[in-house]
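I have a structure I would like to understand better, so I am pasting it below and will then ask my questions one at a time.
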2 protein chains.
Amino acid sequence: MAVPVKHSVVIVDDHAMFRAGVRAELGDAVTVLAEAADVDQAVAAVIAGNPEVVLLDVHLPGGGGAEVIRRTAGKAPGTKFLALSVSDAAEDVIGTIRSGARGYVTKSITGAELVDAIDRVAAGDAVFSPRLAGFVLDAFAGTVEVAAVDEDLDRLTEREREVMRLIARGYSYKEVAGELFISIKTVETHMGAVLRKLQLSSRHELTRWANERRLL
Amino acid sequence: MAVPVKHSVVIVDDHAMFRAGVRAELGDAVTVLAEAADVDQAVAAVIAGNPEVVLLDVHLPGGGGAEVIRRTAGKAPGTKFLALSVSDAAEDVIGTIRSGARGYVTKSITGAELVDAIDRVAAGDAVFSPRLAGFVLDAFAGTVEVAAVDEDLDRLTEREREVMRLIARGYSYKEVAGELFISIKTVETHMGAVLRKLQLSSRHELTRWANERRLL
DNA sequence: CGCAGAATCAGGGGCGTCCCCGATAGGCAG
DNA sequence: CTGCCTATCGGGGACGCCCCTGATTCTGCG
């Protein structure tokens, strides 16, 4: 697991203690060019240092992490942004990615995982915490990276999607049957197809799956 | 600003990077006996080390910071708890104080301020971030909503609360049984009591109930 | 000591969930 | 016409969830 190059990074977070923690966890695996506590400092540090990767807090005084990306656009060639946030809310994730971040990980990440994420972002990969991948894939349905999961959804027939929506809302099989004027057995058949096609194993997982994609 | 004694502390937070940051910011102003990433580790560390002050994250896997205070009650004489959280929500603040914390500061605090807060809590003072003081005063002036939730919760026994938390997170009865080293039948008994006492009728309603009250 | 509460467990039953094995009927492309 | 997909059903089974009636042990309290 040798790391051939030490990437240059700028750490942006309004909590000094968290910046210190990131710095300590990264150790000498990367070169920390600068730290910044707000948008103005961050913009200045990124333009001045032209780092390979910027570790960017989403909730930041002065306009948020997205503002940093906007104001440094074109002024720091090659710099990539990796969002690092406590928030796993869909708005935050999608908003940050739309602004141009190449990855989004939560602060529950370990130091080793963060180093790996930095390496991958620097190499051009998109990096996301597993739980957040759904948000991004849904928001960018139609782009190349999301083709795999989007195909999962497309494989559902119209009827299967109807059943799926009701089940995800908490309806029992019997209630779905009454709602769609079909028998319970037909509902079971459709649900079996839904779970198989989406690679899920229970209605509970389906509820989470649908919630993550804002399908309700 | 001379600090005559180095207080002993235990740092409890589920983010390793934040723990590292706190440790770095505190420097040698205090003696860090141990770190803990969840409720079980925290309880063990507090009882084993009997620290003067516990820096306690509010949102913690395994029941939250309040659970740590409850489970160490009477087992760590002289130990005081200082909540250290990103959240400034009234429920979090009040709930933590009700559980027995002697102070509550947000993570935007500086290292020097945190050292000062630790000193004051160790000396017996109550320490609050200025914006949070209002919440605490309001709570002791008599708020109804928080009390209502507490009454419902208080009717549950300790074991019932453990079962409830796991079920609300999506564990099956069998998984809960394995987690708590008891039989499925016992889990069913506890769940029956939980649903009856909370006037709910299914595990799905329990999930919503818990989510609405931020008990996860 | 007797009583109450808490925690542990068993058996059995009704119903929901998920799966397997089928079947029939209609639409549509090769 | 002949598959192929889709939608619609059925039987039956395994297992999970929820409720019921029991039971034992331990602890604390008057």
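A note on names: the letters A, B, ... follow the listed sequences, proteins ahead of strands, and every chain is numbered from 1. Quick caveat: nothing in here was measured; it's all calculated off a predicted structure. Computed over heavy atoms, backbone and side chain alike; hydrogens, waters and symmetry mates excluded.
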* Option from B:Val30, B:Val46, B:Val32 for which side chain to side chain contact (heavy atoms under 4.5 Å, CB included) with B:Pro51 holds ->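 It is B:Val46; the other options fail the test.
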* **From CE (A:Met17) to CG (B:Leu114), nearest 0.5 Å** =>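 The CE atom of A:Met17 sits 5.5 Å away from the CG atom of B:Leu114.
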* **Sugar-phosphate, base or nothing in reach of A:Leu195, heavy atoms under 4.0 Å** =>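 If one applies the 4.0 Å heavy-atom cut-off, A:Leu195 turns out to touch the sugar-phosphate alone, with no base involved.
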* What integer distance in Å separates B:Met191:CE from C:dT8:P? ->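 The answer, rounded to whole Å, is 15 Å.
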* Asked: Which is true for B:Ser172 with a 4.0 Å heavy-atom rule: it touches a base, it touches only sugar-phosphate, or it touches nothing?
  ->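 Sugar-phosphate: the residue B:Ser172, judged by heavy atoms under 4.0 Å, touches backbone atoms but no base.
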* Rounded to whole angstroms, how far apart are NE2 on A:His190 and P on C:dC18? ->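 Checked: the NE2 to P distance equals 15 Å.
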* Protein-nucleotide distance (B:Glu158, atom CD; C:dT8, atom P), rounded to Å ->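 It is 12 Å, rounded to the nearest whole Å.
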* Could you give the start and end, 5' to 3', of the contact zone on DNA chain D for chain A, using atoms under 4.0 Å from its heavy atoms? ->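 Contact boundaries, 5' end first: D:dT6 to D:dG12.
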* Distance-only polar pair, side chains of B:His190 and B:Glu160, donor-acceptor under 3.5 Å ->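 Short answer, no.
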* Check the distance between C:dT17's P and B:Tyr173's OH and give it to me in whole angstrom. =>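 In whole Å, C:dT17 P lies 14 Å from B:Tyr173 OH.
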* Asked: Between A:Lys185 and A:Arg159, who's closer to the 5' end of DNA chain D by nearest nucleotide?
  ->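 In this pair, the answer is A:Arg159.
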* Asked: Is B:Arg71 paired with B:Asp40 through a side-chain N to carboxylate O contact shorter than 4.0 Å?
  ->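 So B:Asp40 pairs with B:Arg71 through a salt bridge.
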* In Å and rounded to the nearest 0.5 Å, what is the CD1 to CD distance from A:Ile167 to A:Glu175? ->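 Going from CD1 on A:Ile167 over to CD on A:Glu175, the span is 9.0 Å.
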* To do: For A:Ser202, answer base if it contacts any base atom (sugar-phosphate contacts may also be present), sugar-phosphate if it contacts only those atoms, and nothing otherwise; contact means non-hydrogen atoms under 4.0 Å.
  =>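 Here A:Ser202 touches the backbone only, sparing every base.
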* Asked: Just by modelled atom types, is the A:Leu156 backbone N or O under 3.5 Å from a matching donor or acceptor in the A:Arg161 side chain?
  ->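 Present.
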* Asked: Under 4.0 Å between a side-chain N/O of B:Thr186 and OP1 or OP2 of C:dC9, yes or no?
  ->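 The answer is yes; a side-chain N or O of B:Thr186 sits under 4.0 Å from OP1 or OP2.
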* Round to the nearest Å and state the distance from A:Ile167 atom CD1 to C:dG16 atom P. =>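 The answer, rounded to whole Å, is 12 Å.
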* To do: Decide yes or no on side-chain contact (heavy atoms from CB on, under 4.5 Å) for A:Val163 and A:Met191, but give the supporting numbers first.
  => CA-CA 7 Å; A:Val163 171; A:Met191 258 303 277; 4.0 Å; yes
* To do: Starting from P on C:dA6, measure out to CZ on B:Arg161 and report it in whole angstrom.
  =>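 Distance, rounded to whole Å: 11 Å.
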* Asked: How many Å lie between CZ on B:Arg203 and C1' on C:dG16, as a whole number?
  ->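 Result: 13 Å.
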* **Protein-nucleotide distance (B:Glu188, atom CD; C:dA10, atom C1'), rounded to Å** =>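 Result: 11 Å.
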